[in-house]
Amino acid sequence: MPYTTNDIKRVEEKWQKYWKENRVFKVSEVSKGKTSETLATSATSDSSRPKYYVLEMFPYPSGKIHMGHVRNYTIADVIARYKMMRGFNVLHPMGYDAFGQPAENAAIKRGVSPSEWTYKCIDDMRAGLRKMGFSYDWDRELATCDDTYYKWNQWIFLKMFEKGLAYKKGSPVNWCPSCETTLANEEVIDGACWRCKNQVVQKDLEQWYLKITEYSETLLGDLQKLDNWPSRVKAMQENWIGKSFGADIFFKVKGSEDVITVFTTRPDTIFGATYVTLAPEHPLVMKLAKGTAQEKAVAAFVEKRANTSKSLRMSGDQRKEGVFTGGYAVNPVNGEEIPIWVGDYVLMEYGTGAIMAVPTHDQRDFEFAREHGLPMRIVIQDPANPGIAPDKMDKAFVDSGALVNSQQFDGTPNEEAKQKISAWMEENKMGRVSVHWRLRDWLISRQRYWGAPIPMIYCEKCGIVPVPEKDLPVRLPKEAPITGEGGSPLAKVDDFVKVKCPQCGHDARRETDTMATFFDSSWYFLRYCDAHNDKAIFDKDKAAYWMPVDQYIGGIEHAILHLLYSRFFTKFLKDLGLVTCDEPFDRLLTQGMVLKEGEVMSKSKGNVVDPDEVIAKYGADTLRMFILFAAPPEDELEWNPAGLEGNWRFLNRVWNTVEEQYVPGAADPAVLDDEGKKLEFERNLAVKRVTDGMEGGFKFNTAISAVMVLMNAVDRYRNSPLAPNLTILERQALLNRALETVVLLLSPFVPHVAEELWQKMGKTEKTVAFIPWPELDESALKTDTVTIVAQVNGKVRGEFTVPRDADESVLRPIVLADAGVQRHVAGKAIRKVIVVKNKLVSIVV
RNA sequence: GGGCAAGUGGUGGAAUGGUAUACACGAAGGACUUAAAAUCCUUUGGCCGAAAGGCCUUGAGGGUUCAAUUCCCUCCUUGCCCACCA
């Protein structure tokens, strides 16, 4: 019977039901050498089996799964199922990153509670995931909005507070006026809110921060351990952490006790500093201007700057504006008095908020100096332009050269001078060698409702008091006035706010901000190790068994935020003694986007293809196969209905061939005929190619193509004449073996069809997911003869079938006897013959 | 401006120094059919040629090598990330 739409539905529902009811993918860890109970249908759990933890980035439950999810989770599912067949004890969990703003927006728009809306979405999501046939251990499912989960968020926060890693400070923060909440630096993209794309402004607020900077050095250094991460993700993190080596240099302010410390990565240019520039927010700016003719101009500049949003400043022409402060600084290396300016191109948040300007050797300083007519002095000679005058330069010279105008350092190559001058300055107390980081502490408080409450209490007598551990979780009140306006909704819930101080017992107020949702997702992979523990965040031994995640899969958009925060949390929890690994994710695969007509599929572009519709027409297996076959997992994937159709036809062909050609019970032949040998060769070649594809970087597209090649060989074998020394049954046995291999090799990709065909083959002992992966018979790949090519002067001139492993003495006469080769060799002297065994003979004339 | 990828038939893509274009899609022709769908078979990088065969071809140019999509240099294009970070 051909494979029709009805069959797909029947077969896919049948197996999804079977997997669910028998909890086939429930996994048990081996803890303290003890084996926990396991279901008969799933893999037997014995301590000799190595563990494998496959994880995909859990979804935000927006309602329905989309093609991006389908791609992400299909890739993970193939890996999980393959590892199961290879005998690993596989943990493959799923959950929901369920806190966040869309739930609040839905509450405002539709009047449903965020909780109700979210749990409904989770139900829909789960149904969508089940329809794809993913091999999750559903017993470990979690949602970050459950108090059984966020209780431990709060617990981590308290531990961080205890260790001084969570602290509150007032400072200018990124504020999204549309979302009415603060944002982390990482959440501001091109000056706009990452979620709503509105312009972000700066606001002075008291906020909670996590001291991620405490881990800068190890977050940077440990990137080196991540051999199996894409290099570009590592590069992005490296950039983001941004370690700069250089020097802090002390400039005394003329006529005052004040000292301006500048940071520079170019101490070699110190003799070329012709002015100093301060950031507008620098505390000395107004002090310097006070009482000078510049006072008004400086005040106006600072004011104007304060009223310009960061995003506006960064957009536009980036002309360098600034004014003279009226003050002078003394260059410590030569006693020169140079003017102090305030300029908008100097950022208070980076370095010391002050720079020494060397216009000849820094392009920004150059532009500022030109704009404002400031002096320049060359201190590094451009080898291509010796003796050029500063006013003849059209841009700063930033390459290497020897020092000039630098006293005792004249003639020193500048790279060498960096070290020498720094050391010399340090010795003479003019400066010190220093390192600055781009990474800032992580702002985690949000003025929103749908998040984990920050477990802190404000008492007039005792100050900031942490909620005692025994009082966790601090539950989110069910009802709160969510309007999207006027700050934290929780502040308006009296029952929540009013609390007794845990220390003195007097009236106190709760913190009403909630945690950024990236907090929730920074440790969920640890909770999966022991998802229902109500006594502890997780059992240490269980985490030690499962961690690190062996294979993590998700989108490149999380290359910085989520992955950096997760690394930070893992390191913190390791310091607490709860985790044994340094890094949470051993291997990382970043899957490419799904495109349609060259554009990313997205709701806003209106070009989405609904997975449900595809499943209804072709089934989940066809969808899975198309997604895996059309492009390697890391590449972009162009949605192609014709390709989908092609994969559907292939599955039909496999289905029909098994139904019509597979006859159980045939006995293997003692000796193979030539056609049989060929089939066994192709069968083993497919095993080798699929296995290599799985082990060497998840090349699913070529793995599937290898199975297609095997199917082509099966058809050829069926249509070949029966050899005289074989019985029909013996021939049948070879065909059966090949078809069994086809089904097993395909099973990680198309599990429903594979289960059904496996059953049709009469193999009912257990689900196909735990049948051992086909073994490779290397000897079948060693044919007696091989095809080699002959090249003359690097060009292919002939093809030969020769005995395997023949050497030059055998090959040379065969090749030279060939007419095609002779045409190009005759009459010329043979200078060299190169033989690559079983591959080619190369003749140089 | 800095960093990282990538560029191969009509299309998605394959090949990690050794037969460039595997596998699939699409297209063309054929078989089956009253017909269509489905299925099956054949052909399918370009140019010259009746054929045998020859020449060209992996963004462009150069280099290393008997041999380069693959290694090296220069340039062009596209995508992504970061960015007045001193």
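The chains referred to below are lettered A, B, ... by the order of the sequence lines, with proteins before strands, and numbering in each begins at 1.
- Taking atom P on both nucleotides, B/G53 is separated from B/C4 by 49 Å, rounded to a whole Å.
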For residues 694-710 of chain A, please give each side-chain donor-acceptor pair under 3.5 Å, one per line with the distance, not counting sequence neighbours.
| unit_1 | atom_1 | unit_2 | atom_2 | d |
| --- | --- | --- | --- | --- |
| A/Glu695 | OE2 | A/Tyr82 | OH | 2.6 |
| A/Thr702 | OG1 | A/Lys699 | O | 3.1 |
| A/Ser705 | OG | A/Thr702 | O | 2.9 |

Can you give me the N/O atom pairs linking the protein to nucleotides 6-14 of chain B at distances under 3.5 Å, or say none if there are none?
| unit_1 | atom_1 | unit_2 | atom_2 | d |
| --- | --- | --- | --- | --- |
| B/G12 | O2' | A/Ala630 | O | 2.4 |
| B/G13 | O3' | A/Asn701 | ND2 | 3.3 |
| B/A14 | OP1 | A/Asn701 | ND2 | 3.0 |

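- Between the CG atom of A/Leu220 and the C1' atom of B/G3 there is a distance of 15 Å, given to the nearest Å.
- Remark: the separation of the C1' atoms in B/U16 and B/C71 is 10 Å, to the nearest Å.
- Pairing partner, B/C55: B/G46, with both Watson-Crick or wobble hydrogen-bond distances short of 3.5 Å.
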Q) Hey, mind stepping through A/Thr360 and A/Phe366 against side chain to side chain contact (heavy atoms under 4.5 Å, CB included) and telling me if it holds? A) CA-CA 6 Å; A/Thr360 46; A/Phe366 182 86; 6.0 Å; no
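- Taking the P atoms as reference points, B/U64 lies 16 Å from B/U69, given to the whole Å.
- Atoms CG and CG, from A/Leu781 and A/Leu685 in turn, are 6.0 Å apart once rounded to the nearest 0.5 Å.
- Checking A/Thr74 against A/Arg624 by side-chain atom types alone, no donor-acceptor pair falls below 3.5 Å.
- Partners of A/His282 according to the ring pair (Phe, Tyr, Trp, His ring centres under 6.0 Å) rule, which considers only residues two or more places apart in sequence or in another chain, do not exist here.
- Within the shown strands, nothing qualifies as a pairing partner of B/U16 under the Watson-Crick or G-U definition with both distances less than 3.5 Å.
- Salt-bridge formation is detected for the pair A/Glu217/A/Lys243: a Lys NZ or Arg NE/NH1/NH2 atom is positioned less than 4.0 Å from an Asp or Glu carboxylate oxygen.
- Note on residues 229-239 of chain A: pairs passing side chain to side chain donor-acceptor pair (under 3.5 Å), not counting sequence neighbours, are A/Gln237-A/Arg567.
- Within the 4.0 Å cut-off from OP1 or OP2 of B/A86, not a single side-chain nitrogen or oxygen of A/Thr277 is found.
- Residue A/Met708 has its side chain nearest to B/C23 when only B/U19, B/C82, B/C23 are considered.
- Only the C1' atoms considered, B/A6 is 39 Å distant from B/C41, to the nearest whole Å.
- Taking atom CE of A/Met236 as the reference point, atom C1' of B/A5 lies 9 Å away to the nearest angstrom.
- Scanning for ring pair (Phe, Tyr, Trp, His ring centres under 6.0 Å) contacts around A/Phe263 gives A/His436, with sequence neighbours left out.
- Residues A/Glu367 and A/Lys320 are paired through a salt bridge, judged by an N-O separation under 4.0 Å between the basic side chain and the carboxylate.
- Candidate nucleotides B/C82, B/A24, B/C4 were compared by shortest atom distance to the side chain of A/Trp240, and B/C82 ranks first.
- When the C1' atom is compared between B/A22 and B/C72, the two are found 29 Å apart, to the nearest whole Å.
- Legend: residues meeting ring pair (Phe, Tyr, Trp, His ring centres under 6.0 Å) with A/Trp639, ordered by chain and number and at least two apart, are A/Phe626.
- Here A/Phe629 and A/Phe749 keep their ring centres 6.0 angstrom or further from each other.
- Between A/Glu321 and A/Arg305, none of the side-chain N atoms (NZ, or NE/NH1/NH2) sits under 4.0 Å from a carboxylate O, so this pair counts as no salt bridge.
- Of the P atoms belonging to B/U74 and B/C56, the separation is 28 Å, rounded to the nearest Å.
- Across B/A86, B/A22, B/C84, the shortest atom-to-atom separation from the side chain of A/Val346 is found for B/A86.
- You'll find that the side chain of A/Thr264 is closest to B/A86, out of B/A86, B/U19, B/C80.
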Dump every N/O contact between nucleotides 38-47 of chain B and the protein below 3.5 Å, one line per pair.
none

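- When Watson-Crick and G-U wobble pairs are counted only if both distances are under 3.5 Å, B/U21 pairs with no nucleotide at all.
- For residues 835-845 of chain A, proximity to RNA chain B is found at A/Val836, A/Lys839, A/Leu840, A/Ser842, A/Val844, defined as any non-hydrogen atom under 4.0 angstrom from a strand atom.
- Checking B/C23, B/C84, B/C82 against every side-chain atom of A/Ile560, the shortest atom distance belongs to B/C82.
- Across all strands shown, A/Gly646 has heavy atoms under 4.0 Å from sugar-phosphate atoms exclusively, and none from any base.
- Taking only side-chain nitrogens and oxygens, A/Lys832 comes nearer than 4.0 Å to OP1 or OP2 of B/C66.
- Taking atom C1' in both B/G63 and B/A15, one finds a spacing of 23 Å when rounded to whole Å.
- Counting distance only, with no hydrogens placed and no angle test, the side-chain atoms of A/Gln363 and the base atoms of B/G1 include no donor-acceptor pair under 3.5 Å.
- As rounded to the nearest Å, B/A51 and B/U43 have P atoms that lie 16 Å from one another.
- Between A/Ala279 and A/Gly643, the one whose closest nucleotide on RNA chain B sits nearer the 5' end is A/Gly643.
- To the nearest angstrom, C1' of B/G26 lies 19 Å from CZ of A/Phe650.
- Pairing partner, B/C80: B/G3, with both Watson-Crick or wobble hydrogen-bond distances short of 3.5 Å.
- Side-chain proximity of A/Ser705 to the nucleotides B/G18, B/C4, B/A22 is greatest for B/A22.
- With a glycosidic angle no more than 90° from 0, B/G9 adopts the syn conformation.
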Show the atom names and distances, to 0.1 Å, of all donor-acceptor pairs under 3.5 Å that link a side chain in residues 833-845 of chain A to residues at least two apart or in another chain.
| unit_1 | atom_1 | unit_2 | atom_2 | d |
| --- | --- | --- | --- | --- |
| A/Asn838 | OD1 | A/Asp805 | N | 2.8 |
| A/Asn838 | ND2 | A/Asp805 | OD1 | 2.9 |

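- By the ring pair (Phe, Tyr, Trp, His ring centres under 6.0 Å) test, A/Phe518 pairs with A/Trp194, A/Tyr565, sequence neighbours left out.
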Q: Sugar-phosphate atoms are those with a prime plus P, OP1 and OP2; base atoms are the rest. Using that split, label each nucleotide of nucleotides 49-58 of chain B B, S or - for protein heavy atoms under 4.0 Å, 5' to 3'.
A: ----SSSS--
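- Heavy atoms only, all atoms of each residue included: A/Tyr275 and A/Phe368 are closest at OH-CD2, 3.2 Å.
- A straight line from NE2 of A/His558 to P of B/C80 spans 18 Å, rounded to a whole angstrom.
- Of the nucleotides present, none pairs with B/U33 by Watson-Crick or G-U wobble criteria with both distances under 3.5 Å.
- Residue A/Ala642 places its side chain closer to B/C25 than to any other of B/C25, B/C80, B/C66.
- Residues satisfying the salt bridge (Lys or Arg N to Asp or Glu O under 4.0 Å) test with A/Arg718, not counting sequence neighbours, are A/Asp715.
- Note: A/Trp648 and A/Tyr618 have perpendicular aromatic rings, judged against thresholds of 30 and 60 degrees for the angle between ring planes.
- At whole-Å resolution of the value, CG in A/Asn647 and P in B/A24 are 11 Å apart.
- Heavy-atom distances to RNA chain B give each of A/Ala235 and A/Thr265 a nearest nucleotide, and the one nearer the 5′ end belongs to A/Ala235.
- The distance between atom CG of A/Asp399 and atom P of B/G2, rounded to the nearest whole Å, is 10 Å.
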